[in-house]
K.L.:
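Take this structure, written in structure tokens, and hold onto it; I'll ask about it next.
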Amino acid sequence: MNYLEELNEAQRNAVENTDGPSLVIAGAGSGKTRVLTYRIAHLLKQGARPGSILSLTFTNKAAREMKERIASIVGQQTARYLWMGTFHSIFARILRTESEVLGYPSNFTIYDTADSKSLLKAIIKEFKLDDKTYKPNVVSSRISAAKNSLITPAAYAQNAQVREYDMSIRMPRIAEIYKEYARRCFLAGAMDFDDLLLKTNILFRDHKDILKKYQERFDYVLVDEYQDTNFAQYLIVKNLAATHKNLCVVGDDAQSIYSFRGARIENILNFQKDYPEHQVYKLEQNYRSTQTIVNAANSIIQKNKRQLPKTVYSENDQGNKIKVFSALTDNEEGYLVANEISETRMRQHYKYADYAILYRTNAQSRIFEEALRKRNIPYKIYGGLSFYQRKEIKDLLSYFRLVINPKDNEALKRIINYPARGIGATTLSKLEQAALDNGVSIFEIIEQSGTNNHAALNKGLLSKVQQFVALILQFQEKAVLNDAYEMASEIATQTNIIKDLYKDQTPEGLSRFENIQELLNGIQEFSINAREEGQPNLLANYMEDVALLTDQDSEKEEDMDKVTLMTVHSSKGLEFKNVFIVGVEENLFPSSQFGNITPEAFEEERRLFYVALTRAEENAYLSFAKQRYRWGKLDFCNPSRFITEVDEQYLDMPDEADFNFDELPTEGQAIQKQSFGKTGTVGRRPTTTDQPGMKQKLVQLRQAKQRSQNFDGDDPRDIQTGMMVEHQRFGKGKVLQVEGSFPNLKATVFFQNAGQKQLLLKFAKLKIV
DNA sequence: CTCACAAGCGTTTTT
DNA sequence: CGCTTGTGAG
């Protein structure tokens, strides 16, 4: 039992008391993962069957890491039978087993956000609604929110509250759209992300025998990051744990930052009421950070009203104060950060991997990429476009999807004319209409078109679409025999996708080609692994959870010693010796431009700040710029009010007090009650330029920008064909051609690293080397 | 139907 | 700026 000796008292209690409902409140850096893994290992050592333990996480990465750690204690053979994974992957698995009673095929497709938006767009168009009023993004988030709160289309139509809200945003027909969307998903044999949870709940609600089976199967249920569960997840957990009551939830209310996707902090706040016979374990000692960082983070979070009482403390060194960088421009901010990294790395012998730059939105990464590149500092970026979202990958995956589930209309629409087969938009919409009229899938319409030409296609088109169907049918036959890799590469070649991409010798084309190769390699790996483990290795098996994979699931060797750039959200659960929290401006922390900030949202911004700070082990930095470019427009910014909320004694403010914090609006000014009656809704912040003193500064700032602009690139008129030039982001390259007349000079440049680019010189600043 | 160019719009955060 | 969508000629 030596692993128990590695734990402090609170941790050991949480590990050893395995029966009944338990709430583990795990402060930042308090060894949460250790408790969770040891608790499961402990259960196994006590004789629990691995198949009777269900443990739910939010990311694949967390699940995988935990599984590895448990395997290293109890052995691979035991660990592999644990039910461990994300909510979505576990319940997708259960839904595939039980799909029949819901009327779904077991090989149902999982629509990703792009698929469901494309379907919504089509529906909005069919309803003859204006897509400027009915923005697919907004409709999609309304439907998603409904699903997360377990509101079915029928319930939605009856629910006065949501209907009233829909009226207020002038979208009264969302209920109908929702209903149609659900119907079409069902017809296509598809579920979206939210359906995986909604349908699980429906399954458990309507089929008590099935619920009972799983209730009895899972003697122990563990949930990680419980503060991030939404209502659908909450109810699933509650149902599954109802028989044995051995539910252990682990989380930290101070790190609840996902309300935008339906997470309810109430779930953890109310746990003790929900389970009166519960035990509470508080993990309060932080092993990660210096005292300064822990105390500073506490000083922000303590201003929040809704939270569970706890005192997180550190017994590590006191450490350095949190350094605040106040930059004049966004470029200067990047420079300051890059500079600090170079300097401290040399002085303190840090590795690059000891540094992280955290920002609010992915779009903010650019400035720092540029600054790091200039100094030759290696970096890696998380987020942005995922591998599985790339066009070429989605195209090939769509072929796989259609082969496995021919009713998958979204997949069909994507590839019926890729590579080009002469089947254009008009033909496709005829087919779609015919499918709708007959209540079948597009594929079925084409399949029957020999005997029954519903879409009234002419001879030429008829033969084209039938060729397409024959191709897919031929794959379908083979797909039940061949392994995933054979099948995938056959599809990739026979459809001419490989040829098509190979033809394209531009750098972008090459990278697309490589991506396809990488995907095929991944599938090969899957095939081999599955065969070795005696698992089925058909293409359908590979496709089962590919929709639930994200980029962060594949860390490569080459990414070893690099500075990490990521959003605060995706940094949760990670730690770095040095953390830069950048872009800490009033309109980013919190972001005010997206309508009203409720007090709840405001508290969440504080928690976001808290999460960011507590990633740091040794040094934390805050930086902001007073002006920055967004969408090509100049913005003037105030530093975030949250900086002033940090207890001063922990801050190392810049010497030149060139920024007057007194100008910051006070809470009363900043949060004005809106007049239109909604209680608790607070107003939009006044814009920065409206604030006193800002107008005079405007001139100074503009001049500074002018200077930095001149400094950065050479005069466009000096750029000539044949010159070697340097671009901020693309690096060095050769000018192939210059055309147009000043100021609208255009240059074609071939960059060594980024390939050929067309640049508008007044925007893309080039330096002559 | 396909390609090339023009216009317009956007940026939380993610399974 | 950079990406997606719309429009018009071939």
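Below, chain A is the first sequence line, B the second, and so on; all start at residue 1. What you see below is based on every heavy atom in this structure, not just the backbone, and it leaves out hydrogens, waters and symmetry mates.
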K.L.:
Using a 3.5 Å distance criterion without hydrogens, assess whether the side chain of A:Arg607 forms a donor-acceptor pair with backbone atoms of A:Ile257.
P.N.:
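It does not hold such a pair.
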K.L.:
In whole angstroms, how far is the C1' atom of B:dT11 from the CD1 atom of A:Ile367?
P.N.:
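Answer to the nearest Å: 14 Å.
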K.L.:
When the C1' atoms of C:dG2 and B:dT11 are compared, how many Å lie between them, rounded to an integer?
P.N.:
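It comes out at 12 Å once rounded to the nearest Å.
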K.L.:
Please enumerate all residues that pass salt bridge (charged side-chain N to carboxylate O under 4.0 Å, His left out) together with A:Lys394, with sequence neighbours excluded.
P.N.:
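By the salt bridge (charged side-chain N to carboxylate O under 4.0 Å, His left out) rule, A:Lys394 matches A:Asp112, A:Asp115.
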K.L.:
Rounded to the Å, how far apart are A:Arg360 CZ and B:dT14 P?
P.N.:
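Result: 10 Å.
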K.L.:
With sequence neighbours left out, write down each residue that passes ring-ring contact (aromatic ring centres under 6.0 Å, His included) with A:Phe260, or none if nothing qualifies.
P.N.:
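If we apply the ring-ring contact (aromatic ring centres under 6.0 Å, His included) test to A:Phe260, skipping adjacent residues, the hits are A:Tyr258, A:His569.
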K.L.:
Could you tell me whether a side-chain N or O of A:Asn201 sits under 3.5 Å from a main-chain N or O of A:Leu150, the two making a donor and an acceptor?
P.N.:
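Absent.
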K.L.:
Return the value, rounded to whole Å, for the distance between atom CG of A:Asp228 and atom P of B:dT14.
P.N.:
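So the CG-P distance, A:Asp228 to B:dT14, works out to 12 Å.
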K.L.:
Can you give me the N/O atom pairs linking the protein to nucleotides 5-10 of chain C at distances under 3.5 Å, or say none if there are none?
P.N.:
residue, atom, partner, partner atom, Å
C:dT5, OP1, A:Lys121, NZ, 2.6

K.L.:
The criterion is ring-ring contact (aromatic ring centres under 6.0 Å, His included); which residues satisfy it with A:Phe87, sequence neighbours excluded?
P.N.:
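Applying ring-ring contact (aromatic ring centres under 6.0 Å, His included) to A:Phe87 gives A:Phe58.
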K.L.:
Pairs in or reaching into residues 227-236 of chain A: which pass salt bridge (Lys or Arg N to Asp or Glu O under 4.0 Å), with residues at least two apart or in two chains?
P.N.:
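Matches after skipping sequence neighbours: A:Asp228-A:Lys572.
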K.L.:
According to ring-ring contact (aromatic ring centres under 6.0 Å, His included), who are the partners of A:Phe91, at least two apart in sequence or on a separate chain?
P.N.:
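ring-ring contact (aromatic ring centres under 6.0 Å, His included) list for A:Phe91, sorted by chain: empty.
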K.L.:
I'd like to check the salt bridge (charged side-chain N to carboxylate O under 4.0 Å, His left out) partners of A:Glu126; sequence neighbours left out, ordered by chain and number.
P.N.:
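A:Glu126: salt bridge (charged side-chain N to carboxylate O under 4.0 Å, His left out) contacts with A:Arg184.
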K.L.:
Identify whether NZ of Lys or CZ of Arg in A:Arg96 sits under 6.0 Å from the centre of the six-membered ring of A:Phe108 and within 45° of that ring's axis.
P.N.:
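Satisfied, under 6.0 Å and within 45°.
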K.L.:
Whether A:Thr567 contacts B:dT14 is assessed here as follows: a side-chain N or O lying under 4.0 Å from the phosphate OP1 or OP2. Is that the case?
P.N.:
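A:Thr567 to B:dT14 OP1/OP2: side-chain N or O found under 4.0 Å.
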K.L.:
Apply the side chain to side chain contact (heavy atoms under 4.5 Å, CB included) test between A:Tyr359 and each candidate in A:Ser571, A:Ser365, A:Ser623; give the one that qualifies.
P.N.:
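For A:Tyr359, the side chain to side chain contact (heavy atoms under 4.5 Å, CB included) check succeeds only for A:Ser365.
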K.L.:
Would you mind reading off the distance between A:Glu225 atom CD and B:dT13 atom C1', rounded to a whole angstrom?
P.N.:
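Rounded to whole Å, this separation is 15 Å.
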K.L.:
N/O contacts under 3.5 Å, protein versus nucleotides 1-7 of chain B?
P.N.:
residue, atom, partner, partner atom, Å
B:dC1, OP1, A:Gly424, N, 2.6
B:dC1, OP1, A:Thr427, OG1, 3.1
B:dC1, OP2, A:Thr426, OG1, 2.8
B:dT2, OP1, A:Gly422, N, 3.2
B:dT2, OP2, A:Asn417, ND2, 3.2

K.L.:
In chain order, what residues pass the salt bridge (charged side-chain N to carboxylate O under 4.0 Å, His left out) check against A:Glu392, with sequence neighbours excluded?
P.N.:
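For A:Glu392 there are no salt bridge (charged side-chain N to carboxylate O under 4.0 Å, His left out) partners, ignoring immediate neighbours.
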K.L.:
To the nearest Å, how far apart are A:Tyr359 OH and B:dT13 P?
P.N.:
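After rounding, the gap between these two atoms is 10 Å.
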K.L.:
Using whole Å, report how far CG of A:Asp194 lies from P of B:dT15.
P.N.:
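These atoms are roughly 13 Å apart.
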K.L.:
B:dT14, OP1 or OP2 - any side-chain N/O from A:Ser570 closer than 4.0 Å?
P.N.:
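A:Ser570 to B:dT14 OP1/OP2: side-chain N or O found under 4.0 Å.
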K.L.:
Give me the residues of residues 196-204 of chain A where at least one heavy atom lies under 4.0 Å from an atom of DNA chain B, by number, or none.
P.N.:
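Those residues: none at all.
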K.L.:
Without decimals, in angstroms, what is the distance between A:Tyr111 OH and B:dT15 C1'?
P.N.:
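One finds 19 Å between C1' of B:dT15 and OH of A:Tyr111, rounded.
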K.L.:
Excluding sequence neighbours, so at least two apart, what forms salt bridge (charged side-chain N to carboxylate O under 4.0 Å, His left out) with A:Glu544?
P.N.:
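Not a single residue meets the salt bridge (charged side-chain N to carboxylate O under 4.0 Å, His left out) criterion with A:Glu544.
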K.L.:
Tell me the interatomic distance from A:Arg606, atom CZ, to B:dT13, atom P, rounded to whole angstroms.
P.N.:
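Going from A:Arg606 (CZ) to B:dT13 (P), I get 23 Å.
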K.L.:
For the C1' atoms, the ones on C:dT5 and on B:dT12, what distance do you get once it is rounded to whole angstrom?
P.N.:
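After rounding to an integer number of Å, I get 23 Å for this pair.
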K.L.:
Which ones in residues 254-267 of chain A lie close to DNA chain B, meaning a heavy atom under 4.0 Å from one of its atoms?
P.N.:
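Per residue number, the list reads A:Tyr258, A:Phe260, A:Arg261.
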K.L.:
For A:Ser259, is there any backbone N or O sitting under 3.5 Å from a side-chain donor or acceptor partner on A:Arg264?
P.N.:
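No, because the side chain of A:Arg264 does not come within donor-acceptor range (under 3.5 Å) of the backbone of A:Ser259.
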K.L.:
Which nucleotide wins on minimum distance to the side chain of A:Thr113, given the candidates C:dG2, B:dT15, B:dT14?
P.N.:
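The answer is B:dT15.
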K.L.:
Distance to the ring centre below 6.0 angstrom and angle to the axis at most 45 degrees; does that hold for A:Lys391 and A:Tyr418?
P.N.:
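Yes, a cation-pi geometry.
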K.L.:
Give the nucleotide from the list B:dT14, B:dT11, B:dT15 with an atom nearest to the side chain of A:His88.
P.N.:
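Selected nucleotide: B:dT15.
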